[in-house]
Number of protein chains: 2
Amino acid sequence: MESELLFGEFQRSLDDRYRVGIPADLLEPMDLQSGQAVLAKERPGCLSLWNAGLWRQKMDASIKVLQGKIQAGRLEGRLNEVQQLGRLLSTRHRDVKLSDRGRLLIPEGFREFLQVEPGDDAMVIGAAVCVEIWRPNAWVDYLNQRMPRFSKLFDKLVE
Amino acid sequence: MESELLFGEFQRSLDDRYRVGIPADLLEPMDLQSGQAVLAKERPGCLSLWNAGLWRQKMDASIKVLQGKIQAGRLEGRLNEVQQLGRLLSTRHRDVKLSDRGRLLIPEGFREFLQVEPGDDAMVIGAAVCVEIWRPNAWVDYLNQRMPRFSKLFDKLVE
DNA sequence: ATGCTTTGTGGGAATTCAACCCATCCAGTG
DNA sequence: CACTGGATGGGTTGAATTCCCACAAAGCAT
């Protein structure tokens with residue numbers, strides 16, 4: 001299904017209406033059907049943009065696991081937690097449609113999460129299976145914290 | 001495949017457009033196909049430049065493995081980790097193409113990492129399997145710190 | 001219902017930046 | 001002392017990105 005992995009780091013700026021241009025290098029391999037995509041809240045200062053089909057796969061897999069656990073009675077006493085999870089899942093993502101030349105309008109509710117103002121810069125990052133949009137600050141913080149463990153993670157996934 | 005090892009230490013200056021000339025003594029043995037190369041962030045103050053083919057041996061092979069695993073669905077439940085790895089891979093290296101007489105344009109994002117301003121000097125070092133570009137400061141610091149252990153390392157690798 | 005305001009979309013103009021190419025400068029050499 | 005090859009600087013072109021404005025759609029108040 002999805003063949004190409006997404007890589008690359010780009011600096012982009014938001015225009016006065018909270019739009020970012022997604023670079024062609026990342027947009028093409030994403031292979032969006034008429035611009036249909038899913039935008040998700042990843043962590044404060046970071047959003048992720050998914051091919052709608054791939055997102056569905058990802059969600060289905062998680063939901064299947066959850067369903068299995070419920071049926072096995074393993075979450076018996078924790079139904080309220082499941083309910084809470086369901087609630088969070090609802091706000092965590094939203095369908096979006098990229099306009100003409102691959103421009104993404106960051107919707108209300110996601111702007112605050114990303115903590116950006118119109119005109120601010122943003123980093124657009126290829127994250128193998130999706131594209132991420134970072135507040136520059138959050139990005140460098142993340143790198144400083146996470147880069148040291150890079151090779152361990154790399155080995156784990158490749159071996 | 002690659003036979004010649006790269007050695008030599010050269011001082012070069014960045015012009016006002018962030019270009020460095022790679023000395024012919026290093027460029028020739030690198031044997032780049034139409035200037036195709038890979039630039040990687042080695043450590044703050046140091047970038048490394050690789051023959052694209054050699055880099056592929058080093059890294060792309062692993063990425064192919066990863067890609068294969070994903071397509072086989074073997075990382076279905078671990079997309080998070082793949083995503084995380086992808087992120088880190090994205091900042092770490094970048095395809096570059098050396099222009100006319102082996103001049104390298106240091107791309108946005110690598111300039112800050114190397115901590116250079118236009119017009120600054122840089123050291124261009126043959127590191128056996130690749131060429132490194134150092135901020136002069138970082139280079140002497142590294143030498144001061146590392147040189148004492150040089151002979152031990154030398155013996156270890158040669159014996 | 002109508003007009004005003006806010007928000008999203010499209011696209012053109014302006015600007016920035018890298019690729020390309022050539023000119024100059026300098027050192028080493030015959 | 002002219003010549004050669006490498007290093008550096010700079011102009012021009014062309015593409016990509018940003019800035020900005022006009023238009024459309026939706027929401028709100030009168």
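Keep in mind that this is a model prediction, so the values were computed, not measured. Sequence lines set the chain letters: A, B, ... in the order given, protein chains first and strands last, and positions in each chain run from 1.
Per the geometry, CG belonging to Leu26(B) stands 14 Å off P belonging to dG6(D), to the nearest Å. A straight line from CG of Leu98(A) to C1' of dT9(C) spans 13 Å, rounded to a whole angstrom. The CG-C1' distance, from Leu27(B) to dG6(D), rounds to 12 Å in whole Å. Atom CE of Met123(A) and atom P of dT17(D) are 13 Å apart (whole Å). We find that CZ of Phe110(B) is positioned 13 Å from P of dA18(C), with the value rounded to whole Å. Taking atom CG on Leu105(A) and atom C1' on dA24(D), their separation rounds to 15 Å, with Å as the unit. Rounded to whole Å, the distance from CG on Asp25(A) to C1' on dA15(D) is 13 Å.
Under the 3.5 Å distance criterion, the side-chain polar atoms of Asn51(B) are matched with a main-chain donor or acceptor of Met30(B). Arg17(A) places no side-chain N or O within 3.5 Å of a backbone atom of Leu105(A) that could act as its donor or acceptor partner. Of the possible polar contacts, one joining the Ser90(B) side chain to the Gly126(A) backbone as a donor-acceptor pair under 3.5 Å is found. For Glu112(B) (side chain) and Gly109(B) (main-chain N/O), a donor-acceptor pair under 3.5 Å exists by modelled atom type. Here the side chain of Arg135(B) pairs no donor or acceptor atom with the backbone of Val116(B) at under 3.5 angstrom. Although no hydrogens or angles enter the test, the distance criterion places no donor-acceptor pair under 3.5 Å between the side chain of Glu28(A) and the main chain of Asp25(A).
Computed from C1' positions of five pairs at each end, the angle between the two local axes of the helix from dA1(C)-dT30(D) to dG30(C)-dC1(D) equals 10°, rounded to 10 degrees.
By the ring pair (Phe, Tyr, Trp, His ring centres under 6.0 Å) test, Tyr18(B) is found to be paired with no residue, residues two or more places apart in sequence or in another chain being considered. Residues forming a salt bridge (Lys or Arg N to Asp or Glu O under 4.0 Å) with Arg19(A) (at least two apart in sequence, or on another chain): Asp15(A). The side-chain contact (heavy atoms from CB on, under 4.5 Å) search around Gln11(A) returns Asp121(A), Met123(A), Glu108(B), not counting sequence neighbours.
The 5' end of DNA chain C is approached more closely, in terms of each residue's nearest nucleotide, by Glu108(B) than by the other of Arg101(B) and Glu108(B). Comparing Phe10(B) and Gln11(A), the nucleotide of DNA chain D nearest to each residue sits closer to the 5' end for Phe10(B).
A donor and an acceptor atom sit less than 3.5 Å apart, one in the side chain of Arg103(B) and one in the base of dG9(D).
Using a 4.0 Å heavy-atom criterion, one finds that Ser99(B) contacts no nucleic acid atom at all. As judged by a 4.0 angstrom heavy-atom cut-off over every strand, Pro107(B) is placed among residues making no nucleic acid contact.
Tyr142(B) and Ile133(B) fall into different hydrophobic clusters, where Ile, Leu, Val, Met, Phe, Trp and Tyr residues are linked whenever their side-chain heavy atoms come under 4.5 Å apart, directly or through other members.
Between Arg111(B) and the phosphate of dA18(C), there is a side-chain N or O to OP1/OP2 separation shorter than 4.0 Å.
Atom CG of Leu5(A) and atom CD of Gln67(B) lie 4.5 Å apart (nearest 0.5 Å). We find the CZ-CG distance between Arg87(B) and Leu153(A) to be 10.0 Å, quoted to the nearest 0.5 Å.
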So which protein nitrogen or oxygen atoms get under 3.5 Å of nucleotides 27-30 of chain C's nitrogens or oxygens?
none

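Of the candidates dG8(C), dC20(C), dG11(C), dG11(C) carries the atom nearest the Asp100(A) side chain, counting heavy atoms from C-beta on.
Using a 4.0 Å cutoff on non-hydrogen atoms, the parts of residues 12-22 of chain A near DNA chain D are Arg12(A), Ser13(A), Arg19(A), ordered by number.
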